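Worksheet: the structure to be examined is printed underneath.
So you know, we letter chains A, B, ... as the sequences are listed, proteins then strands, and number each from 1. Small disclaimer: the values here were computed from a predicted structure and weren't measured.
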Amino acid sequence: MNIMDKIFVGLNEKQVEAVKAIEGPVLVISGPGSGKTRCLTHRVAYLISQGVPAENILAVTFTNKAAGEIKERVAKLLGTRGKDKAARTPLVGTFHSICLKILRQEIERLGYSRGFTILDADDQQALVKKISAEMEIDTKRFDTRGILSKISKLKTELTWPEQYHPTDFYPKLVGRVYAAYQKMLQAMNAVDFDDLIGLTVKLFREHPEVLKKYQQRFQYILVDEYQDTSHNQYQLVTTLAREHQNLFCIGDDAQSIYMFREADIRNILNFRHDYPESRIVLLEQNYRSTKNIIAAAQAVIANNKNQIPKELWTANDTGDKVVLKETVNERDEGLWIANMLESLLRQRYQLHDIAILYRTHAQSRAIEESLIASGFPYQIIGGIKFYDRKEIKDILAYARFLVNPKDVVAFERIINTPPRGLGASTSDKILGRAGTDLSISLAEHAAKAQGRQASALKEFTSLVSRFQELLKTKSPSTLFRTIMKEISYEAYLERQAGAEREQAETRIENVQELLTVAKRFDHLGPAGTAALLEEIALLQDMDRVKTGDKKVTLMTMHASKGLEFPIVFIVGMEEGLFPHSRSVLSPHELEEERRLCYVAITRAKERLYISFAKFRRIFGSASATMPSRFVGELPQNLIDIQLSEFGGESEIIDYA
DNA sequence: CTGTCGTTTATTTTT
DNA sequence: TAAACGACAG
């Protein structure tokens, strides 16, 4: 089969239209399961087959996993492999990873140096807390998270501290913290997530010659999940596409679920207006789900006012009805799931065919307990992330400090971990002016230290300088192993956990796991450590989803976007939980919850199970609940209701 | 400086 | 419920 046939075989008319419309702006509205990824990959392959050099193509995805998939599938379509593959693979990545690549090349023009570090949410928090303390801001009244989220909002709007001139008290306070925070970041030679995008936009605005270079390079731009782009990302993409106007955006307004993270649905709604010449393609045929599932999803989303009109349909079988199960409480819900799994496994299904979706991570616990009790293996996506664990962050903080000795946050973390008698007052003395090399400052203070601190300081200094030597000469896993040994980290963990032996054990296992990860970077030699830190910084949870393992998958509905499973359970369908109580007051947020429900329902290919409990324990105490309003929006004729067998008060008592 | 203890307090989704 | 914080004694 020649390449052309391969590219178009199995595509429907609309998909072909979307793939072939190479020149000029194109917007594709793609319903769930309508072959979005196919469309994207086939288009990239088509571009290349038409003679567009791969390096002139840029594809932006939502997750690293999606990026990998696209690269792989394009290569497969074109039949390229080995050396040829590298040459013919376009740049595909998330906004963050693409911007990181650009900034690593160009950031010196903005007054940072190229080895900058990336701060995660915890680091940001630590930094803002520190600044608040210095400014004598009462963090009880003005909590760090609130300030930080306001700063993040300003950053996504591309408002830099010097452009922000509020008049009210609180915004003024935020402005002061923001200015100090940003100054601090620069002094530390660090950027946060928002900066990755924001600084790239700034770079393009202030350096037209750089912009020109990238405009020339990226003549064809594709953006996935366009409904979830934020203002800064919108600016980035439209700026890059300004020259050639070959902008291809694909998404679905009905699946926009990241408003809370500053996603701006107007980006997709205004595309027509932004590009009057644009072509718009609707992908409405669903290849994933049964007719009943699609009808249920449609019925729910129909209650939203704001949406682009479209009619999803499928040629698939009618399938089973949606099972709606009432349970007594969340424990009963867990038991029911376990029973259902047992019965599903007796049919033609396997554990990896099954996903359990919930609104909040906290809900996973009851389900886990039941799965453990009945011996079903499972994997959880999200929750407490591996790299967010204390023990992992401790070790990584050592590495981070070695790579960037201006990293105040890492320094403050390691100076007294494990405790070595160097507390807050000692560390404050060493910090001094922002932007200093703290390893040098440390050595100076150690040299002239007197009394109790002197020996501890000297010891720490020599430790650091030995580690610095190792960073330059050894591979990451050797460096990490030496660090752990020299600071007696495992002994520290055991001491910390005290009586809870199990906790110490899992922590030690986690640290060992980190060593395994580090080994993957050993082939890069001493440079591997920095590379490892970088990968971890940009790693998303979704990237850890494994599909082959024989395990049930548990995750939030948010995390399920873009995935599909033959069997889907949606649990905790109760008013206040889903829709979440914090969103019921605002019509906009309520619509977002409904879109989330739509996303969750449309993950299912063959069977959908929805459950709600009459009583649920929330924040420690049990209370009576009402079924979610979304349950009421399901058409009666599509559902098979199973009421709980028990009524009355007895289970409340049994429960508490 | 360290560790403990009681108190408080917050509980959505996350690149 | 549990994590996180602050006060206080050692």
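The aromatic rings of Phe193(A) and His96(A) lie perpendicular to each other, with more than 60° between the two planes, well past the 30° mark. Taking the six-membered ring where tryptophan is involved, the planes of His558(A) and Phe260(A) are perpendicular, since the angle between them exceeds 60° and thus also 30°. Classification of the Tyr492(A)-Tyr489(A) ring pair by plane angle, with boundaries at 30° and 60°, yields tilted.
The separation between Leu119(A) atom CG and dT14(B) atom C1' is 16 Å, rounded to whole Å. For the pair Gln125(A) CD and dT14(B) C1', the computed distance is 14 Å after rounding to whole Å. Taking atom OH of residue Tyr258(A) and atom C1' of nucleotide dT14(B), one finds them 7 Å apart after rounding to whole Å. If you measure from atom CZ of Arg495(A) to atom C1' of dG3(B), you get 12 Å, rounded to the nearest angstrom. For the pair Glu574(A) CD and dT12(B) P, the computed distance is 16 Å after rounding to whole Å. Between Asp143(A) atom CG and dT11(B) atom C1' there is a gap of 13 Å when expressed in whole angstrom units. To the nearest angstrom, C1' of dT15(B) lies 13 Å from CD1 of Ile98(A). Distance Gln233(A) CD to dT15(B) P: 12 Å, rounded to the nearest Å.
More than 12 heavy atoms of other residues, nucleotides or ligands lie within 6.0 Å of NZ in Lys393(A), so this atom counts as buried by the packing criterion. Within 6.0 Å of CE on Met626(A) lie no more than 12 heavy atoms contributed by other residues, nucleotides or ligands.
When each of Asp194(A) and Glu589(A) is assigned the nucleotide of DNA chain B with its nearest heavy atom, Glu589(A) is the one assigned upstream, toward the 5' end.
Using a 4.0 Å heavy-atom cutoff across all strands shown, Thr426(A) reaches sugar-phosphate atoms only and no base atom. Note on Ala362(A): nothing from the nucleic acid sits closer than 4.0 angstrom, heavy atoms only. The residue Asp228(A) sits apart from the nucleic acid: no heavy atom pair falls under 4.0 Å. Ser581(A) comes within 4.0 angstrom of nothing in the nucleic acid, heavy atoms only.
Side chain of Arg582(A), nearest nucleotide from dT2(B), dT12(B), dC1(B): dT12(B). Among the nucleotides dT13(B), dT12(B), dG3(B), the one closest to the side chain of Phe260(A) is dT13(B). Among dC1(B), dT1(C), dT13(B), the nucleotide with an atom closest to any side-chain atom of Arg617(A) is dT1(C). When the nucleotides dT13(B), dT15(B), dA10(B) are ranked by their closest atom to the side chain of Arg261(A), dT15(B) comes out on top. Set against dT12(B), dG3(B), dT15(B), the side chain of Pro419(A) has dG3(B) as its closest nucleotide.
The only option from Lys129(A), Arg413(A), Arg400(A), Lys130(A) that meets the salt bridge (charged side-chain N to carboxylate O under 4.0 Å, His left out) definition with Asp123(A) turns out to be Arg400(A).
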Discussion item. Between Asp394(A) and Arg389(A), is the salt bridge (Lys or Arg N to Asp or Glu O under 4.0 Å) condition met? List the steps.
Written reply: CA-CA 9 Å; Asp394(A) 283 345; Arg389(A) 289 167 204 272; over 6 Å; no
Discussion item. Go through it in stages, so that I can follow the logic: the residues are Tyr258(A) and Phe62(A), the test is ring-ring contact (aromatic ring centres under 6.0 Å, His included), and I'd like the CA-CA distance, side-chain angles, deciding distance and then a yes or no.
Written reply: CA-CA 12 Å; Tyr258(A) 285 103; Phe62(A) 207 63; 5.3 Å; yes
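With P as the reference atom, dG6(C) and dT11(B) are 16 Å apart, rounded to whole Å.
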Pairs under 3.5 angstrom, nitrogen or oxygen only, protein versus nucleotides 2-8 of chain C, please.
unit_1, atom_1, unit_2, atom_2, d
dA2(C), OP1, Arg365(A), NH1, 3.1
dA2(C), OP1, Arg365(A), NH2, 3.3
dC5(C), OP1, Lys129(A), NZ, 3.1

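Residue Asn64(A) places none of its side-chain N or O atoms closer than 4.0 Å to OP1 or OP2 of dT15(B). At dT12(B), none of the side-chain N or O atoms of Thr556(A) fall inside 4.0 Å of OP1 or OP2 (strictly under the cut-off). The shortest distance between the side-chain N/O atoms of His361(A) and the OP1/OP2 oxygens of dT14(B) is below 4.0 Å. For the pair Arg420(A) and dT2(B), the criterion of a side-chain N or O lying under 4.0 Å from OP1 or OP2 is not met.
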Let me check something: any side-chain donor-acceptor pairs from residues 568-581 of chain A under 3.5 Å, sequence neighbours excluded? List them with distances.
unit_1, atom_1, unit_2, atom_2, d
Glu574(A), OE1, Arg616(A), NE, 2.7
Glu574(A), OE2, Ala613(A), N, 2.8
Glu574(A), OE2, Arg616(A), NE, 3.3
Glu574(A), OE2, Arg616(A), NH2, 2.8
Glu575(A), OE1, Arg629(A), N, 2.7
Glu575(A), OE2, Arg629(A), NE, 2.7
Glu575(A), OE2, Arg629(A), NH2, 2.4
His580(A), ND1, Arg582(A), N, 3.1

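Looking at Arg359(A), its side chain comes within 3.5 Å of the base of dT13(B) through a donor and an acceptor atom.
Taking the 5.5 Å centre cut-off and the 30° plane limit, the aromatic side chain of His580(A) is classed as stacked on dT12(B).
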